[in-house]
Number of protein chains: 2
Amino acid sequence: MVKISDVARHAGVSPSTVSYVLSGKRSISDQTRRRVMDSIRALGYRPHAGARALASNRSNVIALVVPLRSGIHVPIVMQMVIAAVTSARTYDHDVLLLTQDEGIGGLERVAGSSLVDAIIVMDVEMHDVRLPVLRSLDRPSVLIGFPAEPSGLTCIDWDFEAAGAACAEYLADLGHREIALIGAPPAVYERGTGFAERTKAGFQRAAAERGVIAVVRPCDPDHAREAADDLLRDHPGLTGIAVHNEPAVEPLLSAFRATGRRIPDDLSFIAIAPDDLAERLDLTSISIPAEELGRQAVALLMEKLDGHQPPGATLLPSRLVVRSSTPAA
Amino acid sequence: MVKISDVARHAGVSPSTVSYVLSGKRSISDQTRRRVMDSIRALGYRPHAGARALASNRSNVIALVVPLRSGIHVPIVMQMVIAAVTSARTYDHDVLLLTQDEGIGGLERVAGSSLVDAIIVMDVEMHDVRLPVLRSLDRPSVLIGFPAEPSGLTCIDWDFEAAGAACAEYLADLGHREIALIGAPPAVYERGTGFAERTKAGFQRAAAERGVIAVVRPCDPDHAREAADDLLRDHPGLTGIAVHNEPAVEPLLSAFRATGRRIPDDLSFIAIAPDDLAERLDLTSISIPAEELGRQAVALLMEKLDGHQPPGATLLPSRLVVRSSTPAA
DNA sequence: GGCACTCGTCGAAGCGCTTCGACAGTTTTT
DNA sequence: AAAAACTGTCGAAGCGCTTCGACGAGTGCC
């Protein structure tokens with residue numbers, strides 16, 4: 001293994017100079033810098049991560065806690081994970097993966113042993129048991145999702161309230177007088193995951209403001225047919241549908257078509273879903289930018305690692321993209 | 001921060017004794033061990049990961065390189081990742097996530113800086129550019145997938161050859177005389193990813209042995225209808241279908257039903273797919289155990305880290321589960 | 001011309017841990 | 001009963017890096 005002293009000898013400087021060249025924490029003459037860099041390349045030097053972590057009290061690794069639970073769309077999680085890893089690399093950090101089932105102990109372990117400098121927690125619940133731990137840890141963290149009591153924490157999420165409202169407004173603007181939001185499976189609501197509630201709230205608020213009738217119904221992807229039938233039976237005037245449940249989108253489309261409704265002629269259909277899905281099915285949609293969320297979470301974390309104080313709450317806007325599941329306006 | 005010397009003082013022993021209690025590398029009297037453990041708990045001591053890595057030359061972290069490419073089923077990747085992380089934890093290791101797009105440089109970086117002790121590479125191609133690097137690295141690695149030239153490397157994968165053969169044999173045994181294998185999108189074959197070829201080979205070999213006619217066709221999930229129509233037109237006697245392409249399974253089912261064929265009455269349908277998908281659709285299937293693969297890959301890696309020499313090639317058997325997309329035998 | 005700075009570099013200390021050799025005491029072997 | 005082999009513990013060295021204070025040389029200012 002080639003170490004810093006080898007580089008120093010090769011370049012004819014002291015080890016500390018090599019260190020300063022690498023860290024940029026003191027000024028170095030151009031000439032010296034160049035010589036050192038050449039030696040580094042010539043010898044193929046790579047700083048030992050452990051030694052660096054020990055001496056500098058920074059591991060340059062962040063932890064990412066991924067959810068395991070049902071009802072969350074795996075590809076989206078994966079997109080965020082990939083985005084987080086990619087983004088972390090641009091800040092010269094690596095990502096250590098933690099699963100949610102390691103729970104509180106896992107957080108304490110990686111933080112306590114200085115394995116990681118900071119933590120990103122995905123899929124935060126309203127009353128997440130990890131919140132007190134996160135608050136007590138001596139390392140910064142960023143939560144993806146908003147708990148009921150976010151004070152003292154840095155949180156980021158999509159603006160589901162706005163997304164729900166945008167659906168209702170758009171459908172109302174198209175002239176629909178009775179609209180429905182088909183949401184996540186019942187289990188998600190029961191868990192008190194914030195996003196489902198917030199979408200619903202936005203949808204209902206905007207509908208009320210526009211004076212249109214709004215109904216909201218949870219939906220299991222395996223029972224899409226039932227959901228469609230129920231809705232159309234109980235609300236014969238229903239002509240606008242918003243769906244916030246990726247895996248249920250396709251089954252729901254089939255289900256509504258099976259009732260004889262044509263989309264967009266008889267029914268306007270809008271999905272809150274990632275772009276790739278909406279594009280594939282050619283659906284008008286509110287996009288939820290998964291990569292963007294992963295990237296921003298890392299950016300916030302880096303802010304904190306740099307000693308700054310980023311905003312406690314960040315809501316990522318989504319945008320409405322009109323495709324062919326709603327009539328041209 | 002509480003360090004090993006604090007624990008030592010508290011327990012009335014030397015730091016080295018505490019270290020030996022923790023590592024078990026020398027015998028320690030029960031009495032001393034107990035006193036030390038009590039002090040550790042009392043003080044909430046956690047060894048500093050960096051210091052440990054520096055002194056022991058072991059980081060207790062493994063790298064996992066995840067694929068990013070199209071044509072691979074994301075939920076399966078995620079399952080393997082989760083299984084790998086969970087499994088690594090049982091060996092007291094953590095997992096650092098690397099994306100494929102960091103390429104060779106990423107491998108050299110994490111290995112060269114001693115950030116990780118070993119590497120798992122997912123989604124290995126036939127002529128993967130990473131193979132020479134992996135061979136030259138001073139750290140052990142395990143590949144998920146088989147390259148064309150696996151010598152000197154440890155590889156593990158599902159036994160697709162056997163899975164393909166099992167499909168053909170099962171369909172033949174049901175009495176079908178003309179059978180088809182619908183495979184991955186064309187791009188996957190073009191890439192020379194081994195698994196697609198191996199499934200095909202097994203399917204064709206077994207079909208030949210049983211004396212039944214076998215056709216093989218790639219399929220893009222978005223063109224399932226086309227695939228089904230083509231096959232039935234060109235092979236009117238076709239009555240047995242095997243599918244090795246998760247995202248295409250549902251579209252294909254719809255497509256075949258749309259031609260008027262009933263499953264299983266007119267057509268036997270068997271999928272090479274993860275259990276959850278097959279269960280949901282109630283399909284006879286060859287299961288591909290994703291978790292098992294992640295777990296075994298870690299197990300192999302740990303063998304190598306322990307200085308053992310595990311087999312160079314491991315093929316994970318899959319099993320056939322009869323559900324209702326094929327007639328009862 | 002002298003004083004106060006800044007610039008570029010060095011040496012040494014120290015980050016917290018593991019591990020090696022030593023050694024006293026005990027047990028086993030011959 | 002002496003020699004050999006264990007057992008349990010300690011002290012010290014060292015893992016490879018960062019960082020602090022020091023310092024000589026150059027620069028600007030009055």
Side-chain angles (χ1 to χ4, degrees), chain A residues 1-37 39-40 43-61 92 109-117 138 305, chain B residues 1-37 39-40 43-61 92 109-117 138 305:
Chain A
M1 167 173 217
V2 26
K3 42 186 148 181
I4 202 170
S5 55
D6 299 327
V7 175
R9 197 171 325 115
H10 188 272
V13 299
S14 77
S16 51
T17 300
V18 177
S19 179
Y20 286 124
V21 167
L22 253 18
S23 71
K25 292 190 179 172
R26 284 205 181 169
S27 51
I28 296 285
S29 70
D30 260 21
Q31 203 205 23
T32 304
R33 187 201 322 288
R34 232 187 317 272
R35 266 221 319 285
V36 169
M37 291 308 285
S39 298
I40 287 178
L43 303 180
Y45 169 66
R46 302 204 184 259
H48 187 287
R52 195 186 266 242
L54 176 57
S56 69
N57 205 22
R58 281 295 212 98
S59 67
N60 273 37
V61 175
D92 196 28
R109 182 173 62 79
V110 296
S113 63
S114 298
L115 223 194
V116 306
D117 295 335
D138 56 337
L305 280 174
Chain B
M1 167 173 216
V2 26
K3 42 187 148 179
I4 202 170
S5 56
D6 299 327
V7 175
R9 197 172 324 112
H10 188 273
V13 298
S14 77
S16 52
T17 299
V18 176
S19 179
Y20 286 124
V21 166
L22 251 20
S23 70
K25 292 191 180 174
R26 284 203 181 171
S27 51
I28 295 284
S29 70
D30 262 21
Q31 203 205 22
T32 305
R33 185 198 324 289
R34 233 187 316 273
R35 265 218 322 283
V36 169
M37 291 309 285
S39 298
I40 286 177
L43 302 180
Y45 168 67
R46 298 202 186 262
H48 186 287
R52 195 185 266 240
L54 177 57
S56 69
N57 204 21
R58 282 292 214 103
S59 67
N60 274 35
V61 174
D92 195 28
R109 183 175 59 81
V110 297
S113 64
S114 297
L115 222 196
V116 306
D117 295 333
D138 56 338
L305 280 175

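Quick note on labels: first sequence line is chain A, next is B, and so on, each numbered from 1.
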Next item on the list: Report, as a single string ordered 5' to 3', how protein heavy atoms within less than 4.0 Å touch nucleotides 7-17 of chain C: B base, S sugar-phosphate only, - not at all.
Entry: SSBBB--BBBB
Next item on the list: Check the pair B/R33 / B/D30 against salt bridge (charged side-chain N to carboxylate O under 4.0 Å, His left out), numbers first and verdict last.
Entry: CA-CA 5 Å; B/R33 185 198 324 289; B/D30 262 21; 3.8 Å; yes
Checklist line | Rounded interatomic separation in angstrom, taking CG from B/N57 and P from C/dT19 | finding: 10 Å
Notebook entry, point to check: Are the side chains of B/T32 and B/Y20 in touch, meaning some heavy atoms are under 4.5 Å apart?
Noted result: no
Checklist line | For B/D138, all residues meeting side chain to side chain contact (heavy atoms under 4.5 Å, CB included), sequence neighbours excluded | finding: none
Notebook entry, point to check: If we only count heavy atoms from C-beta on, is the A/I28 to A/V36 side-chain gap below 4.5 Å?
Noted result: no
Item checked: Protein-nucleotide distance (A/K25, atom NZ; D/dG21, atom P), rounded to Å -> 15 Å
Margin query: Any heavy-atom pair between the side chains of A/L22 and A/I40 that's under 4.5 Å?
Written below: yes
